[in-house]
Participant: 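One structure follows; several queries about it will come next.
Only a predicted model underlies this, so the values are computations on that prediction, with no experimental measurement involved. Residue numbers start from 1 in every chain, and the chains themselves are labelled A, B, ... in the order their sequence lines are given, proteins ahead of strands.
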Amino acid sequence: MTQQLYTNLAIFILSLLVGFEVMSKIPATLQTPMMSGANAIHGVVVVGAFVVAAEANNVGFYVLAFVCAFFAAINVAGGYTVTDRMLGMFDRPKNDTHKKDDGGEQ
Amino acid sequence: MSTLQTFASLIYLISAVCYVIGVHLMRSPKTARKGNLLSGLGMIMAVIMITIELIVEGKIMIGGWIALLAGLALGIIYGVVKARKVPMTDVPQLVSLFNAVGGGAAAAIGVFDYLYADPGSSLSLVFSIPVFLDIIIGGVTFSGSLIATGKLAGHVSGKPIKFPGDRLLNLIAIIAIIFSGVLIIGFPATWWYLVLALVASLVFGLLMTLPIGGADMPVVVSLLNAFTGLAVAFAGFVIDNQVLIIAGALVGAAGTILTLQMAEAMNRSVANILAGGFGGGDSDTGAMADVPTNVKETSADDIGLQLAYAHNVMVVPGYGLAAAQAQHEVAELAKLLTDAGINVNYAIHPVAGRMPGHMNVLLADVNVPYDQMKQLEEANSMFESTDISLVIGANDVTNPLAREKGNAVSGMPILDVDKSKSVVVIKRSMSTGYAGIPNPLFSGDNTSMFFADAKSGLQDIVAATKQYLE
């Protein structure tokens, strides 16, 4: 086994253990936002898109790099945005004096 | 290791720490948003660092820059616009779509590096094994998540889709995946091995998701989310990048635990769900045979009167409310009652709505105060002092049969709606819920039924209540 593989494998296994550990019982209320948040984190694949784009040297590879960057960017940008929107609803001030913008019950 | 590489490694390590702490903070409602922002900060650091690395190394060609920047710009615009505009009821399918493209991107990295290797050269196992796993898992999540998106959005039927020979086709896909693995790992690189692996994994993803009913989709989306994490981790092995390995493995493991918790909250096992589920998918499947006969029907006017003279009202929202997008109407009714001095609370079953926790998000979106949303145990302690329980589009989660043995909902935690003084059920018909069994609550002595769509029914009730409150 090469040094590189050993290091990567160790990192992989330890990260799995951290993942199992950090996700102990969470309230049902937060399960959907949590899933969305985890979904955003695997958007880190966007870093991989940079790496392959740096290697690309012909049209076929450019197309693949484009597809990879496009997909990864949707995942990461959309993932964080929608998670933040969901979670933002929980910390809205309690007595929000939005007394209804369009005069609902006047 | 050059100075730049050392520095970059440190930055990646810090960003990985941000993800872990971010997930940790997301377990509590108070710190959840900060957690997500922290993890996003880690992501921005990683992206800035890789950009600096590319610029300093200077290897990337102009065509590479164009492909990269164009892809990023279009992807960011599409993703952010979608995420900003989506109605909260449609969030599950959007998350599934984001998951699909994440898996697609991971698979694309594997495809790229496999094709990039000299054709005909023998590959080292350190490279070929992760390439194979990356492509297969990425391909399965890509097609599987797209089907899940379609099912949640209604483009693909929510009912389990089965066809003659599907098991055989499934078996063929699995054999093809194994065969492509042998070819990719054991033989010099040839492009058609790759095509075989891609096609087999895409077909397998389709076949895995099609037979699963719409109500189980949330668990499947969560499982595929964990898969994508693993695909990303293997992509990290392929390009020897540790931040991908750490973040991917983190999501893979955390996503697996989350999937198990979701399945548990829905009283289902992941194995059962993947095997194709029981019953026949979503509610609307008739089953009029076992309809209880002594059902009392009521009118909006009558409900309005009851509500106007109640002290404690408990709203029990369910899938029907989410499907009819009636959260605005329910909030309006609650506000009307609260302003008249009536106590209104919401009893939220862990799996009410379309996904665990989804109901809370829907209600929070229409300004329902967080402290009015009562979780299962607290709500159950309140039913005895409740004058009226207003059950809106919920069925199985209120079924008293769960307390007895030997039926499809046995043992499932339920809301004890039947203990309140009176119960009003707003529902389109007497059809059964997902479990496919009748609900004795509907024929209870203190229960009356109001047959209507949640949205229009609530509008009528709001109008009726107004006239009695004045």
Side-chain angles (χ1 to χ4, degrees), chain A residues 2 5 8 11-12 15-16 18-20 22-23 26 28-39 41-48 50-56 62 64-84 86-91 94 96, chain B residues 19 23-24 26-27 29 32-33 36 40 46 50 54 59-60 63-64 67-68 71-72 74-76 78-80 82-83 95 98-99 101-102 104-106 108-109 112 126 222 225 228-229 232 235 237 239 242 245-247 249-251 253-255 257 265 350 355-358 360-361 364-365:
Chain A
T2 64
L5 178 65
N8 287 343
I11 290 174
F12 178 70
S15 303
L16 279 177
V18 169
F20 286 131
V22 82
M23 192 67 86
I26 66 156
T29 316
L30 285 176
Q31 285 181 356
T32 296
M34 179 67 96
M35 182 172 84
S36 179
N39 180 53
I41 291 176
H42 65 55
V44 74
V45 69
V46 74
V47 170
F50 280 76
V51 174
V52 295
E55 292 174 341
Y62 292 150
L64 256 179
F66 170 81
V67 170
C68 186
F70 178 61
F71 278 180
I74 294 177
N75 184 182
V76 73
Y80 279 107
T81 310
V82 80
T83 310
D84 189 60
M86 267 190 262
L87 293 171
M89 287 165 189
F90 290 116
D91 61 18
K94 284 280 146 62
D96 201 339
Chain B
Y19 308 143
V23 169
H24 183 79
M26 284 181 70
R27 296 189 317 187
R33 193 173 192 189
N36 186 52
I50 186 79
L54 287 201
K59 274 196 320 208
I60 182 168
L68 178 65
L72 290 179
L74 290 176
I76 289 172
Y78 181 82
V80 170
K82 273 278 192 187
V95 173
F98 292 160
N99 188 43
V101 292
I109 291 175
F112 186 104
V126 178
S222 176
N225 191 36
T228 306
V232 169
F237 278 94
I239 60 173
Q242 282 81 25
I245 300 178
I246 298 175
L250 178 73
V251 174
I257 301 289
M355 292 197 161
H358 189 225
N360 301 71
V361 173
D365 188 31

Participant: Based on non-hydrogen pairs under 4.5 Å, which of D84(A), V51(A), I11(A) is most in contact with chain B?
Facilitator: D84(A)
Participant: Tell me, do R27(B) and L30(A) make a side-chain contact under 4.5 Å, heavy atoms counted?
Facilitator: no
Participant: Heavy-atom cut-off 4.5 Å, strictly under: side chain, backbone, both or neither for A247(B) against chain A?
Facilitator: both
Participant: Quick check: do M34(A) and M23(A) have side-chain heavy atoms less than 4.5 Å from each other?
Facilitator: yes
Participant: With distance as the sole test, does S36(A) use its side chain to make a donor-acceptor pair with the main-chain N or O of T32(A) at under 3.5 Å?
Facilitator: no
Participant: With a 4.5 angstrom heavy-atom cut-off, is it the side chain or the backbone of F112(B) that approaches chain A, or both, or neither?
Facilitator: both
Participant: Which bit of V22(A) comes within less than 4.5 Å of chain B, counting heavy atoms only: side chain, backbone, both or neither?
Facilitator: both
Participant: Heavy-atom distances under 4.5 Å only: say whether V232(B) touches chain A with side chain, backbone, both or neither.
Facilitator: side chain
Participant: Just so I know, are the side chains of I41(A) and Y80(A) near enough to count as touching, which here means a heavy-atom distance under 4.5 Å?
Facilitator: yes
Participant: Using the side chain to side chain donor-acceptor pair (under 3.5 Å) criterion, which residues pair with N8(A)? Sequence neighbours excluded.
Facilitator: D240(B), Q242(B)
Participant: Heavy-atom pairs under 4.5 Å with chain B: which of G79(A), A69(A), A77(A) has the most?
Facilitator: A69(A)
Participant: Quick one: of F70(A), F12(A), F50(A), who has the most non-hydrogen atom pairs under 4.5 Å with chain B?
Facilitator: F50(A)
Participant: I76(B) versus chain A, heavy atoms under 4.5 Å apart: side chain, backbone, both or neither?
Facilitator: both
Participant: Name all residues meeting the side-chain contact (heavy atoms from CB on, under 4.5 Å) criterion together with A72(A); count only those two or more places apart in sequence or in a different chain, and write none if there are none.
Facilitator: V45(A), V46(A), A105(B)
Participant: Most heavy-atom pairs under 4.5 angstrom with chain B, which of L64(A), V76(A), V18(A), V67(A)?
Facilitator: L64(A)
Participant: Return yes if some donor-acceptor pair links the side-chain N/O of N75(A) with the main-chain N/O of N39(A) below 3.5 Å, else return no.
Facilitator: yes
Participant: Using a 4.5 angstrom heavy-atom cutoff, name the option from V23(B), N360(B), I239(B), V126(B) with the most pairs to chain A.
Facilitator: N360(B)
Participant: Pick whichever of V52(A), T81(A), T83(A) has the most heavy-atom pairs under 4.5 Å with chain B.
Facilitator: V52(A)
